[in-house]
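Take a look at the structure below.
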Amino acid sequence: MQMNNIPFAATDWSTVERVEKSAQAGQAFWQTLQYGALRVRKVEYTPGYVSDHWCTKGHVLLCLTGELHTELQDGRRFTLTPGMSYQVADNAEPHRSTAPLGATLFIVD
């Protein structure tokens, strides 16, 4: 990953627009900053969140609050709690997530 042309800036996430995204169940709210091809997000999943798709996008994801359950298409399952992260490459391992208790994440992709 190359990170170019990104000036230093502190982010007050309370000032970043919160946009609802689709979900099979529950709600997903994204706050997104875009720097060329690089996307930086704070994502909130409400309790009962269930993804509506298999994702093939690569991410570096940090769980800030709650609990995130991630299933890989090959059947493996992982649970992230606050302070845990995962990394996955683009088009490497399709994954989808649920958040039975809700979760807040910090994601770079």
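Keep in mind that this is a model prediction, so the values were computed, not measured.
Judged by distance alone, the side chain of Asp90 and the main-chain N or O of Lys57 form no donor-acceptor pair under 3.5 Å. A donor-acceptor pair under 3.5 Å is formed between the side chain of Thr46 and the backbone N or O of Gln27.
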(request) Test side chain to side chain contact (heavy atoms under 4.5 Å, CB included) on Leu105 and Lys42 and set out the steps. (result) CA-CA 6 Å; Leu105 314 168; Lys42 183 178 173 188; over 6 Å; no

(message) Checking Phe78 against Leu72 for the side chain to side chain contact (heavy atoms under 4.5 Å, CB included) test, could you report, in this order, the C-alpha distance in whole Å, the side-chain angles of both residues, the deciding distance, and whether it holds?
(response) CA-CA 8 Å; Phe78 300 88; Leu72 302 186; 3.8 Å; yes

(request) Before giving the answer on side chain to side chain contact (heavy atoms under 4.5 Å, CB included), spell out for Val60 and Asp109 the whole-Å C-alpha distance, their side-chain angles and the decisive distance to 0.1 Å. (result) CA-CA 6 Å; Val60 176; Asp109 51 21; over 6 Å; no

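Tested against Thr104, the residues Leu62, Leu64, Leu68 include a single side-chain contact (heavy atoms from CB on, under 4.5 Å) partner, Leu64.
Atoms CZ and OG1, from Phe29 and Thr32 in turn, are 13.0 Å apart once rounded to the nearest 0.5 Å. A distance of 9.5 Å separates OH of Tyr49 from CD of Gln24, quoted to the nearest 0.5 Å. Remark: Cys63 SG to Met84 CE distance equals 8.5 Å, nearest 0.5 Å. Residue Leu33 holds its CG atom at 11.5 Å from CZ of Arg41, rounded to the nearest 0.5 Å. To the nearest 0.5 Å, the span separating CZ on Arg96 from CD on Glu71 amounts to 4.5 Å. Put simply, CD1 on Ile107 and CZ on Arg39 are 8.0 Å apart, with the number rounded to the nearest 0.5 Å.
For the residue pair Ser97/Ser51, the side-chain donor-acceptor check at 3.5 Å is not satisfied. If you check the side chains of His69 and Glu67, you find a donor sitting under 3.5 Å from an acceptor. There is no side-chain donor-acceptor pair under 3.5 Å between Gln73 and Glu93.
Shortest non-hydrogen contact noted between Ser85 and Gln87 is OG-OE1, 3.1 Å. Here the closest non-hydrogen pair linking Gly66 and Pro82 is O-CD, 3.1 Å. Across Tyr86 and Thr70, no two heavy atoms sit closer than the pair CE2-OG1, 3.7 Å.
Open room surrounds CG on Asn5; 12 or fewer heavy atoms of other groups in view lie less than 6.0 Å from it.
The hydrophobic cluster containing Trp54 does not contain Val50, counting ILVMFWY residues as joined when their side-chain heavy atoms lie under 4.5 angstrom apart, directly or transitively. No single ILVMFWY cluster, assembled from side-chain heavy atoms under 4.5 Å apart, contains both Phe106 and Leu80. Residues Val16 and Val108 share a single hydrophobic cluster, defined by chaining ILVMFWY side chains whose heavy atoms lie under 4.5 Å apart.
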